[in-house]
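Below: the structure, in structure tokens.
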2 protein chains.
Amino acid sequence: MARHARYDRKTALEKAVGLFWAKGYHGSSMKQIEQALDMRPGSIYATFGSKDGLFSEALAAYAEQGGRELAVHLKGFDSIVEGLQDYLRGIACTCGDKGAAPSRACMIVKTLLESSNTHPALADQANSILSAIEQSIAGLVEQARVNGELVQSTDSQRLARLLQAQIMGLRSMGERKLDPQIMRDLGDDMAAILDGYRTQH
Amino acid sequence: MARHARYDRKTALEKAVGLFWAKGYHGSSMKQIEQALDMRPGSIYATFGSKDGLFSEALAAYAEQGGRELAVHLKGFDSIVEGLQDYLRGIACTCGDKGAAPSRACMIVKTLLESSNTHPALADQANSILSAIEQSIAGLVEQARVNGELVQSTDSQRLARLLQAQIMGLRSMGERKLDPQIMRDLGDDMAAILDGYRTQH
DNA sequence: TTATAACTTGAATGACCACTCAATAACAGT
DNA sequence: ACTGTTATTGAGTGGTCATTCAAGTTATAA
């Protein structure tokens with residue numbers, strides 16, 4: 001009946017994530033978006049509706065990818081706590097690594113800080129995603145508690161928020177481009193915080 | 001010889017801090033700046049040179065103010081460690097409070113995340129300020145170690161970075177606008193991290 | 001009072017912003 | 001080959017961006 005779409009939505013979104021993650025919403029112009037996606041304005045607007053729409057979809061794609069990575073990471077560990085500790089150390093390594101990701105800081109946090117007083121809709125979306133992540137970490141922590149890895153009196157939600165704050169802080173520190181060894185030490189220190197909540201010392 | 005300046009530089013900078021802290025560099029237009037400072041473009045450019053120049057001075061003013069607040073806060077404590085712990089709890093309360101500051105997150109971190117891939121000069125400035133803060137915290141931690149508040153083997157620089165990351169994470173979490181009690185708990189949990197480095201348990 | 005220097009004003013500037021749409025191109029079904 | 005449908009193109013839209021500067025205003029010095 002008609003012509004094929006030359007562009008794959010998923011591929012285009014990945015490229016959009018790359019640009020938005022690096023430069024943020026206000027820092028990415030349509031000109032740059034056109035170049036990054038190799039699409040002309042008409043196609044972009046036909047596919048994603050608006051710059052807002054594209055950013056929103058990109059942020060959702062980023063969050064989904066991040067969630068998948070955490071899940072995959074934890075698959076490799078018998079102990080949930082050790083998995084989380086290694087996750088923190090892994091972030092510290094990634095943040096120490098040069099020129100890998102578009103940015104070392106978390107795109108969700110960057111979006112939250114950028115948009116909280118300029119773009120409520122984006123801030124709401126970032127907040128929702130952060131709540132979902134908090135919940136999923138809380139689920140893991142609760143499971144670890146039930147498993148006996150953590151002291152019985154542990155408040156899972158509360159520990160989850162402490163961990164989420166660690167990740168935010170760690171990745172924001174990453175943006176400072178400190179020496180990789182320093183980032184590794186920081187990751188270790190954050191992982192060690194969890195030891196204080198474990199049953200066996 | 002000539003006319004007085006109608007505008008006080010310091011006052012204007014305070015107003016600029018209010019706007020830039022809330023909306024960031026890209027999110028603040030010259031129109032909004034004119035309104036916030038109650039100055040016309042000519043006066044702004046005569047006084048601060050450019051939007052960049054104004055932002056840079058505002059960021060420096062913000063950092064100086066923040067440094068002063070930390071120093072004043074610690075004056076009220078005999079124990080440096082307890083002073084730092086209370087500082088964390090205080091941030092948590094401020095972040096839980098409604099409609100106080102222009103933003104709950106730290107302007108320096110906001111600037112770093114916003115500008116690291118769009119405005120290298122601003123990113124450099126933010127990095128310098130963060131290094132200076134790290135150093136000043138390290139000095140406090142070292143003093144606490146020498147005082148015998150912290151275990152002798154404590155790496156002051158390293159603990160300083162862990163604390164800085166806590167502040168970053170805490171204030172970023174503040175931007176989520178969670179329940180004040182939740183923020184207080186988070187502040188307590190972060191303060192408790194320091195207990196692990198203390199001499200007396 | 002007058003001359004002069006310092007400061008303020010705001011309309012004007014060209015560049016760039018997100019976005020639109022008529023024209024064109026590429027397919028599928030007949 | 002022809003037709004109908006859908007995708008792509010890119011010059012063009014009005015608006016906003018940071019910035020400039022000639023003209024106007026206000027103070028001080030002579």
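What you see is a predicted model; the values in this text were computed from it and never measured. Each chain gets a letter, A, B and so on, in the order the sequences are listed, and its residues count up from 1.
- In this structure, the CG atom of Asp8(B) is 15 Å from the C1' atom of dC7(C), given to the nearest Å.
- Here Thr47(B) lies out of heavy-atom contact (under 4.0 Å) with every strand.
- To the nearest 0.5 angstrom, Ile193(A) atom CD1 is 6.0 Å from Met190(A) atom CE.
- Residue-level contact check: Ser29(B) touches the backbone only, with heavy atoms under 4.0 Å from sugar-phosphate atoms and none from bases.
- Taking atom CE on Met30(A) and atom P on dT13(D), their separation rounds to 19 Å, with Å as the unit.
- In this structure, Tyr25(A) and Ser43(A) both approach DNA chain C, and ranking their closest nucleotides by distance from the 5' end singles out Tyr25(A).
- We find the CD-CG distance between Glu142(A) and Leu140(A) to be 11.0 Å, quoted to the nearest 0.5 Å.
- We find that NE2 of His119(A) is positioned 12 Å from P of dA18(C), with the value rounded to whole Å.
- When the nucleotides dC19(C), dT8(D), dA18(D) are ranked by their closest atom to the side chain of Lys51(A), dC19(C) comes out on top.
- Donor-acceptor pairing under 3.5 Å, judged by distance alone, is present between the side chain of Arg3(A) and the base of dA7(D).
- What separates NZ of Lys31(A) from P of dC19(C) is a distance of 14 Å, to the nearest Å.
- Residue Ile44(B) contributes atom CD1, which lies 16 Å from atom P of dC7(C) at whole-angstrom precision.
- Within the 4.0 angstrom heavy-atom criterion, only backbone atoms of the sugar-phosphate kind lie near Arg6(A); the bases stay farther away.
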Pair Lys23(B)-Glu114(A), salt bridge (Lys or Arg N to Asp or Glu O under 4.0 Å): steps then yes or no: CA-CA 7 Å; Lys23(B) 309 207 169 197; Glu114(A) 181 185 1; over 6 Å; no
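- An OP1 or OP2 oxygen of dC17(D) is reached within less than 4.0 angstrom by no side-chain nitrogen or oxygen of His26(B).
- Atoms CG (Leu37(B)) and C1' (dT9(C)) sit 15 Å apart, rounded to a whole Å.
- In this structure, of dA11(D), dA11(C), dC27(C), it is dA11(D) that holds the atom nearest to the side chain of Pro41(A).
- When distances run from any side-chain atom of Arg40(A) to the nucleotides dT19(D), dT9(D), dT8(D), the shortest one goes to dT9(D).
- Interatomic distance, Leu178(B) CG to Arg184(B) CZ, rounded to the nearest 0.5 Å: 12.5 Å.
- Atom OH in Tyr45(A) sits roughly 18 Å away from atom P in dA22(C) (whole-Å rounding).
- Atom CD1 in Ile33(B) sits about 11 Å away from atom C1' in dC17(D), given to the nearest Å.
- Between His119(A) and Tyr25(A), the ring-plane angle classifies as perpendicular under the 30° and 60° cut-offs.
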